[in-house]
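Everything on this sheet refers to the single structure shown next.
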Amino acid sequence: MRGHQSERLARWVGLAIGVVVMSAIVVAARIPAGQGSIGADVTVIAVPAGSISLDHSGNFLQANDMRPSVAAHTARRASFRITNITDHAVHVHMHALPSMKTLDDQLHASVRAGRHTLLRGPVGALGGWSPRSILLGPGGSAEVDVAVWLPVSASGYQGAIEDVSLEFHTRGVGG
């Protein structure tokens, strides 16, 4: 009789240890809780024109999990260099075209070359060619700085995925 009781006790102890070990594994392997919302994912793409080259064409700025904030503190930034590959001076204008209308009024962008701001505002309003241009002599180049942000007032951005294409248009000087 005594043997049966100790066997039963050993089985129950083994079962309890197994439950504890499995519980520890489940707790350790669980995915931690998140913030309950996701931000916007934005990719900025530079599309070269025929008479200029870019040192970084294609995706040059990837901003994941963007959330509203003050632009000066949290804007995502990147830059690239454009070069005039013609034998004459050109004015380079640009515009920004979002792939979808989801963030047209929410996502803001700024495009600068040197001290001059070429584009600034909500991406949905940046589809026209920039009034200002970059003047590049033959073989000349300029650094273009791009920043994107969601202003504090932004709403409806959660989970949005947006590609913004920066396109260039050149015009010969005097033309």
Side-chain angles (χ1 to χ4, degrees), residues 35 37-175:
Q35 298 173 343
S37 69
I38 57 174
D41 290 343
V42 176
T43 302
V44 184
I45 303 160
V47 182
S51 56
I52 62 168
S53 70
L54 307 174
D55 72 343
H56 199 106
S57 61
N59 298 357
F60 71 93
L61 174 58
Q62 180 71 45
N64 294 325
D65 198 27
M66 290 184 67
R67 298 172 187 275
S69 59
V70 179
H73 299 294
T74 61
R76 310 288 175 88
R77 302 174 189 280
S79 60
F80 58 91
R81 182 164 290 284
I82 63 173
T83 303
N84 177 1
I85 57 174
T86 69
D87 60 357
H88 57 278
V90 293
H91 288 282
V92 180
H93 296 268
M94 61 185 68
H95 65 183
L97 299 174
S99 60
M100 310 207 27
K101 299 210 175 286
T102 310
L103 297 177
D104 273 6
D105 299 328
Q106 306 301 318
L107 179 65
H108 285 235
S110 172
V111 180
R112 298 179 51 88
R115 298 177 317 198
H116 303 290
T117 299
L118 302 169
L119 298 170
R120 185 175 176 88
V123 294
L126 302 179
W129 292 110
S130 60
R132 285 197 125 150
S133 64
I134 304 168
L135 176 60
L136 296 177
S141 63
E143 190 79 12
V144 176
D145 299 305
V146 179
V148 293
W149 69 94
L150 290 168
V152 175
S153 61
S155 63
Y157 62 88
Q158 295 89 347
I161 299 173
E162 187 80 62
D163 293 334
V164 179
S165 296
L166 284 182
E167 296 182 351
F168 302 88
H169 170 70
T170 59
R171 185 173 42 86
V173 173

With rounding to the nearest 0.5 Å, note down the distance linking CD in E162 to OG1 in T43. 9.5 Å
Measure up the W149 and H108 rings against each other and bin them: parallel (under 30°), tilted (30 to 60°), perpendicular (over 60°). tilted
CD (Q62) and CG (D163) are apart, to the nearest 0.5 Å, by 8.0 Å
Any non-hydrogen side-chain atom of L103 less than 4.5 Å from a side-chain atom of P98? no
Which heavy atom of T83 sits nearest to which heavy atom of G139, and what is that distance? CG2-O, 3.8 Å
From E167 atom CD to L97 atom CG, the distance as rounded to the nearest 0.5 Å: 4.5 Å
Looking only at heavy atoms, which two atoms of I45 and F60 are closest? And how far apart? C-CE2, 4.1 Å
Test item: R120 side-chain N/O and R112 main-chain N/O as donor-acceptor pair under 3.5 Å: no
Under the ring pair (Phe, Tyr, Trp, His ring centres under 6.0 Å) test, which residues partner H93, sequence neighbours left out? none
Counting distance only, does the side-chain N/O of N84 pair as donor-acceptor with the main-chain N or O of G137 below 3.5 Å? yes
Report yes or no: does S110 contribute a side-chain atom to a donor-acceptor pair with the main-chain N or O of A147 at less than 3.5 Å? no
Is there a donor-acceptor pair under 3.5 Å between the side chain of Q106 and the backbone N or O of L150? no
With a 3.5 Å distance limit and no angle check, can you tell me whether D65 reaches the backbone of G39 through a side-chain donor-acceptor pair? yes
Side chain to side chain contact (heavy atoms under 4.5 Å, CB included) with T170: of I134, V92, L136, only one passes, and it is V92
Spell out, as yes or no, whether a donor-acceptor pair under 3.5 Å connects the side chain of D55 to the backbone of R81. yes
Say you draw a straight line from CZ of F168 to OG of S130; how long is it, rounded to the nearest 0.5 Å? 9.5 Å
Shortest non-hydrogen contact from L166 to A96? CD2-CB, 3.9 Å
Has T86 got a side-chain atom pairing as donor or acceptor with H88's backbone, closer than 3.5 angstrom? yes
